[in-house]
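All ligand and atom numbering here is 1-based and tracks the order in the structure.
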Amino acid sequence: MQEKWDVLIVGSGNAALCAGISACENGAKTLVIEKADQDMSGGNTKYTAGAMRFVYNGNEDLYPLLENPNDPRIKDTEFGRYTADKFRTDLLNFNDGRALSSEQNALIDESYAAMKWLAGHGVKYDPIYERQSFMKDGKYVFWGGLTLAACNEGVGLFDMELAAYQRLGGTIIYNTAMTSLIVEDGCVCGVNAINEKGESIAIKASSVILACGGFEANSMMRQKYIGPDWDVAKVRGTPHNTGDGLSAAFELDAKEYGLMSGCHATPMDLHMADYGNLNIPHNDRKNYRKICYFLGVMLNANGERFVDEGKDFRNYTYAQFGKAVLEQPGHFAWQIFDSKIFDLFYGEYRFHDAHYIEAKTLEELIKQLDGVDQAQAEKTLIAYNQAIGDGDFDPTIKDGKSTIGLELPKSNWAQKIDKGPFRAYPVTGGITFTYGGLKVSETGCVQNTKDQDIQGLYACGELVGGVFYNGYPGGSGLTSGLVFGRRAGHHASAN
Ligand SMILES: Cc1cc2nc3c(=O)[nH]c(=O)nc-3n(C[C@H](O)[C@H](O)[C@H](O)COP(=O)(O)OP(=O)(O)OC[C@H]3O[C@@H](n4cnc5c(N)ncnc54)[C@H](O)[C@@H]3O)c2cc1C
């Protein structure tokens with residue numbers, strides 16, 4: 001390709017397309033290159049539920065974002081508010097004592113304006129009635145601050161963003177993988193890539209924006225940065241996010257930034273495929289996740305519990321417990337339940353492809369726990385049952401019904417596991433995306449280890465570090481891609 005572009009964007013997910021829309025809006029001649037073929041383009045973005053977290057101060061703020069503001073349910077809906085202070089608190093809860101980073105402040109402060117901007121480009125949303133609201137006095141009442149999802153979820157988000165980008169004159173090519181960055185006179189001015197014929201090509205541009213995801217699908221990088229157990233992690237999304245943007249930027253002395261060992265990972269069915277599968281409906285894909293551990297206990301290969309399953313609501317533990325499971329001997333665990341809680345199971349436990357074993361007695365169940373020290377498992381479960389304290393079980397609140405005297409307590413929702421039939425679900429850890437990445441300036445420019453801008457190089461999306469540390473409030477990943485993508489596109493096009 002001989003043409004010279006104003007802005008070249010690597011990747012075609014949410015962050016890339018937001019950058020592309022922003023650059024085109026500024027009049028830049030813009031090219032997106034995507035490593036995958038057309039069907040697999042859109043990266044992790046397509047695997048999402050399209051849920052996005054942002055600051056809003058009441059129903060009025062949401063109407064301009066909605067696909068169907070005349071939905072008859074709207075007049076009976078209380079969306080509540082999700083204030084900047086609440087967003088701050090939610091992020092701080094995962095920061096392990098760190099102050100909010102400048103990236104986190106930008107995410108919060110620019111979230112609503114960015115949502116409105118994207119809606120102005122035709123990207124519209126539906127309220128998440130099913131998962132984020134409940135009925136109270138004849139009204140739908142939303143909770144938790146996560147209120148809207150893109151129409152038709154992640155695939156819809158990608159389709160709407162791509163349409164907006166192309167309406168503005170943006171170009172996209174598939175099967176083209178960036179391999180390294182081209183530098184002339186100290187400025188990044190293009191990329192080397194492999195095209196669909198397997199040929200090496202150089203593509204020139206005034207600015208390059210890296211938007212090619214984290215390193216969750218690269219087992220070597222997972223082992224290097226997250227830990228030795230991580231070669232075997234299941235990958236919940238695309239196989240293409242192999243850290244290429246990070247590797248290329250590090251060759252130019254870009255700074256590692258954020259928590260490189262941090263990642264979002266959840267307990268998943270041990271027997272799921274190694275990667276996410278876009279060919280099955282989102283609802284089925286989601287069902288490989290297994291996050292009802294708070295209703296029972298988890299045992300590792302040594303027959304021992306290893307986390308406080310009732311430490312907090314599952315919203316605040318599920319993204320960490322995937323990591324805990326993966327770090328157990330053999331990288332697996334069994335989730336053990338009795339029939340008292342079967343009615344409370346999420347749909348994913350009733351999913352046609354869910355793997356589990358069932359037995360009339362706990363002893364029979366334990367005999368079927370493959371790969372587990374069964375004698376120790378029996379001791380652990382007997383000790384657990386004997387340690388259950390008083391109080392009423394109530395899964396809608398942190399009920400304080402805990403074990404007493406165990407070295408590793410279960411702090412809430414601790415009930416005896418004593419009513420047959422009993423079930424055990426085998427799980428492992430599935431990585432969603434990585435948190436560590438590059439340091440970008442306020443203009444989205446990538447910075448080097450001397451805290452200087454690398455001229456002509458920008459980054460956005462998963463590969464921006466410092467946005468998430470030891471966990472993240474659901475729906476913030478896409479908003480981060482939007483905020484930092486819009487910003488990078490704007491400044492790169494002015495370059
Ligand atoms: C199962 C699942 C559910 C999720 N649900 C949500 C949710 O509901 N809400 C939320 O906020 N977040 C969610 N997330 C997280 C969210 O997916 C990410 O935060 C977000 O999509 C990342 O966007 P991105 O544009 O940075 O990367 P991606 O969307 O992953 O795009 C990166 C693109 O770069 C391409 N690429 C990689 N290397 C190269 C290369 N060398 N050359 C060219 N192209 C390359 C990839 O093929 C890919 O298309 C979910 C993630 C998963 C896996």
Side-chain angles (χ1 to χ4, degrees), residues 8-20 31-54 107 111 128 131-132 146 148-150 153-154 157-158 161-162 172-181 191-195 203 208-218 234-248 263-266 268 272 275-278 282 285-289 319 430-435 437 459-464 467-468 472-482 484-485 488:
L8 187 161
I9 302 169
V10 184
S12 70
N14 167 61
L17 293 173
C18 290
L31 174 70
V32 162
I33 64 166
E34 167 56 52
K35 180 186 193 176
D37 61 19
Q38 190 163 356
D39 286 347
M40 286 292 288
S41 62
N44 276 348
T45 299
K46 272 194 189 162
Y47 293 77
T48 72
M52 293 176 75
R53 182 176 294 270
F54 58 93
L107 170 67
S111 61
I128 315 173
R131 295 192 309 273
Q132 298 294 139
L146 184 58
L148 302 187
E153 305 189 324
L157 179 66
F158 170 81
E161 288 180 340
L162 181 61
I172 180 167
I173 54 173
Y174 303 96
N175 294 303
T176 305
M178 177 213 57
T179 50
S180 62
L181 294 158
V191 303
N192 294 308
I194 304 285
N195 70 10
I203 312 176
V208 172
I209 303 177
L210 298 173
C212 42
F215 59 88
E216 56 273 4
N218 182 325
K234 303 277 184 186
V235 178
R236 299 181 61 209
T238 176
H240 294 292
N241 287 359
T242 47
D244 303 354
L246 293 175
S247 304
C263 66
H264 184 293
T266 67
M268 301 292 292
M272 72 169 268
Y275 296 94
N277 182 352
L278 275 181
H282 179 77
R285 239 183 291 137
K286 204 171 60 192
N287 279 333
Y288 290 102
R289 204 177 57 180
I431 187 165
T432 320
F433 65 100
T434 46
Y435 294 154
C460 55
E462 279 180 6
L463 49 66
V464 173
V467 188
F468 307 117
Y472 103 134
S476 316
L478 290 172
T479 312
S480 165
L482 162 60
F484 294 104

### Under 4.0 Å from ligand 1 - residues by heavy atom, chain and number
V10, G11, S12, G13, N14, A15, I33, E34, K35, G42, G43, N44, T45, Y47, T48, A49, G50, A51, T176, A177, M178, A211, C212, G213, R236, G237, H240, N241, D244, T432, F433, G461, E462, Y472, G475, S476, G477, L478

#### Entry: Contacts of S12 that satisfy side-chain hydrogen bond (donor to acceptor under 3.5 Å, both in side chains) - sequence neighbours left out
E34

### Message
Which heavy atom of G437 sits nearest to which heavy atom of L246, and what is that distance?
### Response
CA-CD2, 3.8 Å

### Message
Evaluate Q38 against N175 for side chain to side chain donor-acceptor pair (under 3.5 Å), listing each step before the verdict.
### Response
CA-CA 8 Å; Q38 190 163 356; N175 294 303; over 6 Å; no

### Task
With sequence neighbours left out, write down each residue that passes salt bridge (charged side-chain N to carboxylate O under 4.0 Å, His left out) with K46, or none if nothing qualifies.
none

### Task
Just jot down the side-chain contact (heavy atoms from CB on, under 4.5 Å) partners of T179, sequence neighbours excluded, or say none.
N192, I194

### Task
Go through the steps for H264 and F468 under the test side-chain contact (heavy atoms from CB on, under 4.5 Å), then give the verdict.
CA-CA 9 Å; H264 184 293; F468 307 117; over 6 Å; no

